[in-house]
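Since the structure comes first, as structure tokens, the remarks are kept for the end.
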Amino acid sequence: MNHRGVEFTIAKTAIPGIWQWQFRIGDRIKTGKTETRIDLLAIRRVQLRIDRELKAIGRKTARTVSPSAS
């Protein structure tokens, strides 16, 4: 699947209601699990996690770039 240009995977585990997810931004791979019986909710949770990671990267980039002098 794809969210904001980030490919991610999500799969059911052997335990009912537990989903395992993974995505990659740049050279960093993030993995985790979420608990829900609803597949669309599991997907949405991964999308929100991707949004948080992209926002954090944006903040880091903004801090490293110094403001231009006028």
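FYI, side chains are in, hydrogens and waters are out, and symmetry mates aren't considered; it's all heavy atoms of this structure.
- Salt bridge Glu53/Lys30: present, at least one basic N to carboxylate O contact under 4.0 Å.
- When atom types are taken as modelled, the side chain of Arg44 and the backbone of Val46 share no donor-acceptor pair closer than 3.5 angstrom.
- The two residues Thr31 and Gln22 come nearest to each other via the heavy atoms CG2-CG, 3.7 Å.
- Side chains of Trp19 and Asp39 form a contact here, defined as non-hydrogen atoms less than 4.5 Å apart.
- Distance CD1/Ile43 to CD1/Ile38: 11.5 Å, rounded to 0.5 Å.
- In this structure, the side chains of Leu54 and Arg4 come closer than 4.5 Å at one or more pairs of heavy atoms.
- Atoms CH2 and CD, from Trp21 and Gln47 in turn, are 12.5 Å apart once rounded to the nearest 0.5 Å.
- For Phe8 against Ile50, the heavy-atom pair with the smallest separation is CD2-CD1, 3.7 Å.
- Here the options are Ile15, Thr9, Thr13, Ile10, the test is side chain to side chain contact (heavy atoms under 4.5 Å, CB included), and the partner is Gln20; only Thr13 passes.
- The distance from atom CD of Glu35 to atom CD1 of Ile18, rounded to the nearest 0.5 Å, is 4.0 Å.
- Between Lys55 and Asp51 the shortest side-chain heavy-atom distance does not fall below 4.5 Å.
- In this structure, the side chains of Arg45 and Thr36 come closer than 4.5 Å at one or more pairs of heavy atoms.
- The shortest heavy-atom contact between Arg24 and Val6 is O-CG1, 3.6 Å.
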